[in-house]
Amino acid sequence: MSRSLRHGAFAATALVFSIASLSACGAGNDAQTLKVRPDNAATAVDNLKIQNVNVITQPDPEAEGPAVVAATLFNDGTKKETLESVTLPGTSATVKLSPAKGNGPLVVPAGGRLVLGGKGNASAVIENGRDAGADGDVRTVAFSFSETGEVSLGAAVVPATHFFKGFGPSALPSAKPTSSPSKSASGTPSGEASDAGAESGTPSDDAATTE
């Protein structure tokens with residue numbers, strides 16, 4: 001085999017290996033969260049890459065309930081990074097961070113990733129979803145890391161529908177309870193009916209006694 005043919009064979013083998021490696025990565029846990037979403041905010045600072053950032057609100061714009069910040073954080077460095085806080089500067093939103101399991105800090109491992117949002121992942125929850133803004137807005141989201149410091153970028157505010165349904169707030173608002181007037185209305189007549197029955201029964205007893 002000529003030298004050029006050998007080089008061509010090696011190049012083809014390397015290409016196949018690269019494609020296989022990427023396919024294997026995509027087939028791992030939470031593969032859906034790693035889909036390329038070009039319209040979503042992304043940035044890179046030093047060894048950190050932040051991708052697929054969105055503020056996801058309730059599916060119904062009139063509903064009360066929490067919102068979440070969804071993102072995928074990559075750490076290409078040799079040291080782990082701790083995500084210390086997520087904030088929405090310029091708003092009154094308070095973001096609560098929780099790990100996927102148990103308690104403790106949210107760590108982006110060296111050479112690994114941390115996913116915020118979605119089933120089985122860590123979460124960044126805004127208790128009052130209306131503080132996050134209206135759907136269609138662009139909000140600044142600031143991520144504060146133990147080593148890199150603060151990284152900010154603009155992210156779209158979107159409802160938890162369609163693609164974002166699986167990454168939105170897990171605590172959706174419950175159905176509105178039946179108003180108390182209707183309950184009393186349904187209960188009071190029945191009570192009055194019983195009393196009326198009792199009163200109607202008394203004269204009949206007296207009539208029987210008289211006879």
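Starting from 1, each residue takes its place in the sequence as its number.
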Discussion item. Are there over 12 heavy-atom neighbours, none belonging to Glu84, within less than 6.0 Å of that residue's CD?
Written reply: yes
Worksheet entry | Same apolar cluster (I L V M F W Y, side chains within < 4.5 Å links), Val141/Val95 | yes
Fill in: Separation of Glu64 CD from Gln58 CD (nearest 0.5 Å)
9.0 Å
Practice prompt. May I ask you to decide if Glu147's main-chain N or O and Glu81's side chain share a donor-acceptor pair within less than 3.5 Å?
Written response: yes
Worksheet entry | Gap separating the OG atom of Ser92 from the CD1 atom of Ile126, nearest 0.5 angstrom | 10.0 Å
Worksheet item: Which is it for Phe145 and Ile50 under the side-chain contact (heavy atoms from CB on, under 4.5 Å) test, yes or no, and what are the steps along the way?
Response: CA-CA 12 Å; Phe145 297 94; Ile50 305 177; 3.9 Å; yes
Worksheet item: Out of curiosity, does Ile56 fall in the hydrophobic cluster containing Phe163 (side-chain heavy atoms, cut-off under 4.5 Å, transitive links)?
Response: yes
Item to complete: Using the rule that two of Ile, Leu, Val, Met, Phe, Trp, Tyr join whenever any of their side-chain heavy atoms come within less than 4.5 Å, decide whether Phe167 and Leu73 are in one cluster.
Response: no
Practice prompt. Please lay out, stage by stage, how Leu48 and Asn75 fare under the test side-chain contact (heavy atoms from CB on, under 4.5 Å).
Written response: CA-CA 5 Å; Leu48 283 176; Asn75 180 2; 4.1 Å; yes
Worksheet item: What are the two closest heavy atoms between Ala67 and Ala132, and how far apart are they?
Response: CB-CB, 4.3 Å
Worksheet entry | Closest non-hydrogen atom pair between Ala41 and Ala155, with its separation | CB-CA, 4.1 Å
Worksheet item: Just how far is it from atom OG1 of Thr43 to atom CD of Gln51, taken to the nearest 0.5 Å?
Response: 10.0 Å
Item to complete: List the atom of Ala160, the atom of Pro169, and the distance in Å for their closest heavy-atom pair.
Response: CB-CD, 4.0 Å
Worksheet, complete the sentence: Which of Val68, Thr57, Asn54 passes side-chain contact (heavy atoms from CB on, under 4.5 Å) with Phe164? Answer is Asn54
Fill in: hydrophobic_cluster_shared for Leu88 and Leu97, side chain cutoff 4.5 Å
yes
Discussion item. Just verifying a value: how many Å separate Leu114 CG and Asn121 CG, rounded to the nearest 0.5 Å?
Written reply: 8.0 Å
Worksheet item: With respect to Leu116, which candidate in Val125, Leu83, Thr72 satisfies the side-chain contact (heavy atoms from CB on, under 4.5 Å) definition?
Response: Leu83
Worksheet item: Are Phe74 and Leu106 grouped together when hydrophobic residues (ILVMFWY) are joined by side-chain heavy atoms under 4.5 angstrom apart?
Response: no
Worksheet entry | Check: Val69 and Phe143 side chains under 4.5 Å, non-hydrogen atoms | yes
